[in-house]
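This is the structure I want to talk about, given as structure tokens.
Note that the structure is predicted; figures quoted are calculated from it, not measured. Each chain gets a letter, A, B and so on, in the order its sequence line appears, and its residues count up from 1.
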Protein chains: 2
Amino acid sequence: MKNERSGGFKPVVTKKIYQEILEQFVEMIIAGKLVTGQKLPSERELVDIFNVSRPSIREALRVLEIIGLVEIQSGGGAYLTELNIAPFINLISPLLFLKKDFHLELFDLRELIERRALDLLGERIEDAYLVQFGEIIERMKEALAADDPEMGAEADIAFHKTLVLASGSYILQKTLDLVVTLLEHSIRGSRTLVLQNEEDSAQLYEDHQAIYLALKAEKMAEAARLVKAHLEMVRRLYRDRSGEE
Amino acid sequence: MKNERSGGFKPVVTKKIYQEILEQFVEMIIAGKLVTGQKLPSERELVDIFNVSRPSIREALRVLEIIGLVEIQSGGGAYLTELNIAPFINLISPLLFLKKDFHLELFDLRELIERRALDLLGERIEDAYLVQFGEIIERMKEALAADDPEMGAEADIAFHKTLVLASGSYILQKTLDLVVTLLEHSIRGSRTLVLQNEEDSAQLYEDHQAIYLALKAEKMAEAARLVKAHLEMVRRLYRDRSGEE
DNA sequence: GCTAGATAACTGGTCTTACCAGTTGACAAA
DNA sequence: TTTGTCAACTGGTAAGACCAGTTATCTAGC
């Protein structure tokens with residue numbers, strides 16, 4: 001299609017050292033030779049292992065840190081973590097929010113994901129998740145009683161994440177993580193925005209409990225309807241409240 | 001909620017130099033003082049500008065490279081690019097595919113996105129996009145005639161991306177980019193898998209053309225139905241063909 | 001005058017060495 | 001047993017050097 005004059009030759013690709021190191025790390029993780037939580041050799045040891053200079057090692061570690069595969073403790077050491085794109089998202093989120101109404105689109109995508117998750121649930125939800133929902137609802141009740149918006153927001157997020165987790169779809173779960181991380185940036189510093197108002201909080205609690213009860217009673221269609229209504233209300237709430245400020 | 005004994009004190013956060021530099025870059029981009037395509041100062045100049053050492057500069061550039069904000073040409077220089085997460089995805093995709101049936105979930109998410117895009121289109125599609133669709137269909141026809149699977153695959157991707165682009169949703173567009181990038185990894189080296197078979201290729205062409213004609217005739221419901229059927233068929237094709245090998 | 005080739009001045013890629021600052025653990029003193 | 005100190009780590013940063021590839025300039029040849 002392109003460069004047909006090449007006659008079978010391909011451009012020479014020169015791989016940088018840090019890339020080579022990165023790939024070896026990924027391979028090791030895939031092969032199971034590196035497991036989550038494990039402490040990596042020190043930078044100076046890695047220098048001997050890979051037979052490269054310390055700056056090269058450090059560039060590779062820097063990237064691993066940004067893509068959320070290792071956590072580095074200054075003076076401590078480097079530890080392998082579960083893939084966590086939060087640091088990456090934190091970095092680029094300001095650029096994404098340059099797009100007008102991006103936060104509203106986030107709500108849109110979130111709705112899409114959760115409704116799909118409900119569909120995937122099938123006839124009934126696993127008991128283990130029902131238990132989790134019960135605990136989350138309990139936390140919400142406590143938060144409401146103690147008037148603790150922070151705790152309420154945390155439980156709210158947990159509720160929705162569990163919903164998607166129960167669907168069994170890995171990609172929906174990861175995508176929701178991404179959306180939630182971004183939403184937290186959008187409501188920067190006051191992600192408890194809609195939970196400040198006591199009346200709203202009570203309404204949210206009612207919604208969540210109703211969904212929980214529907215799931216428990218295996219009334220999936222009912223649950224799906226409630227989730228849809230709930231998400232629409234949250235979006236409306238958010239838009240109204242953020243418009244007030 | 002946690003660490004209530006802190007009494008208002010917060011943990012000391014020490015910001016690393018490379019992070020400071022990264023944030024300044026992002027700020028500059030947001031402020032419009034750095035624009036896409038622009039050549040950045042050389043590493044040695046940046047050393048003077050930021051008054052830090054070259055390794056610190058390089059670590060920051062390394063990260064910017066991975067998150068797809070700059071492209072670095074060895075011996076040439078560093079250039080600002082439109083945010084492109086492909087290098088990032090390329091790095092972590094092997095880890096994502098460790099999850100069983102991840103590629104099937106990708107198809108699922110893609111279907112979700114495109115169907116939502118169709119809904120967002122509303123009553124009619126903008127003429128500019130119709131023109132693009134026309135050109136893409138034309139390329140497909142050529143690819144079919146020339147039996148060029150590579151060209152066909154490229155046009156196929158363009159078709160679906162344009163569909164979402166026309167919806168006007170930035171986040172759907174970016175998410176589809178992500179999904180497509182991952183799908184290309186899944187079909188590594190033979191992303192033209194389903195296009196190898198001439199009969200399949202003809203079928204795909206028929207589908208795309210039918211969708212195009214429906215959009216042109218402003219029969220959106222019809223288009224939505226066709227897209228849904230098309231996506232289901234592609235997924236089935238992919239599963240069957242990959243199972244055969 | 002114009003082109004082709006050599007040259008010099010870049011640029012990023014890598015390595016080495018060095019020192020600082022924070023963490024950890026062992027050991028001695030209370 | 002507890003506390004305090006200290007030495008041996010660890011990552012963070014700086015500075016200087018060299019190589020290899022790119023780019024621009026300038027000269028020699030036509």
Note to self: Taking the nucleotide of DNA chain C with the nearest heavy atom to each, does A/V52 or A/Q73 sit closer to the 5' end?
What the structure shows: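 Going by which nucleotide is closer to the 5' end, it is A/V52.
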Next item on the list: Report the C-alpha separation of B/D108 and A/R116 in whole Å, then their side-chain angles, then the decisive distance to 0.1 Å, and conclude whether the side chain to side chain contact (heavy atoms under 4.5 Å, CB included) test is met.
Entry: CA-CA 10 Å; B/D108 196 65; A/R116 176 64 182 153; 2.5 Å; yes
Next item on the list: Could you state the atom-to-atom distance from CD of B/E43 to P of D/dA15 in whole Å?
Entry: 15 Å
Note to self: Using a heavy-atom cut-off of 4.0 Å across all strands, would you classify A/I17 as base, sugar-phosphate, or nothing?
What the structure shows: sugar-phosphate
Notebook entry, point to check: How long is the line joining CD1 of A/I72 and C1' of C/dA21, in whole Å?
Noted result: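 About 16 Å, once rounded to whole Å.
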Check: In whole Å, what is the span from the NZ atom of B/K16 to the P atom of C/dA21?
Finding: 17 Å
Checklist line | Integer-rounded Å distance: C/dG13 P and A/Q19 CD | finding: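 Computing the A/Q19:CD to C/dG13:P distance gives 9 Å.
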Next item on the list: Nearest whole angstrom, please: distance from the P of C/dG13 to the CG of B/L61.
Entry: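 Spelled out: CG on B/L61 to P on C/dG13 is 9 Å.
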Check: B/S42 side chain N/O closer than 4.0 Å to the phosphate oxygens (OP1, OP2) of C/dT11?
Finding: yes
Check: When the distance from OH of B/Y79 to P of D/dT23 is rounded to whole Å, what number comes out?
Finding: 7 Å
Notebook entry, point to check: So, is B/S53 close to the D/dA14 phosphate, meaning a side-chain N or O under 4.0 Å from OP1 or OP2?
Noted result: yes
Item checked: N/O (side chain, A/S56) to phosphate O (OP1/OP2, C/dC15) under 4.0 Å ->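 For C/dC15, OP1 or OP2 has a side-chain N or O of A/S56 closer than 4.0 Å.
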Check: Is there a donor N/O on one and an acceptor N/O on the other, under 3.5 Å, for the side chain of B/R58 and the base of C/dG12?
Finding: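 No such pair is found, so the answer is no.
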Notebook entry, point to check: Taking atom P of C/dC15 as reference, at what distance in whole Å does atom CG of A/D48 sit?
Noted result: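 Roughly 13 Å, once rounded to whole Å.
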Check: Side chain of A/E105, backbone of B/I171: donor and acceptor closer than 3.5 Å?
Finding: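 Yes; judged by distance alone, with no hydrogens or angles, the pair exists.
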Note to self: Return the CD1 to CG distance between A/I29 and A/L64, rounded to the nearest 0.5 Å.
What the structure shows: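 Here the interatomic distance stands at 7.0 Å.
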Checklist line | Atom pair distance, as rounded to whole Å: CZ in A/R54 and C1' in C/dC20 | finding: 11 Å
Notebook entry, point to check: Taking the six-membered ring for Trp, are B/F50 and B/F25 parallel (under 30°), tilted (30 to 60°) or perpendicular (over 60°)?
Noted result: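 Ring orientation of B/F50 relative to B/F25: tilted.
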Next item on the list: Please indicate whether B/K141 has more than 12 foreign heavy atoms, meaning atoms of other residues, nucleotides or ligands, lying under 6.0 Å from its NZ.
Entry: no
Next item on the list: Please state whether the base of C/dG13 and the side chain of B/R62 form at least one donor-acceptor pair under 3.5 Å?
Entry: no
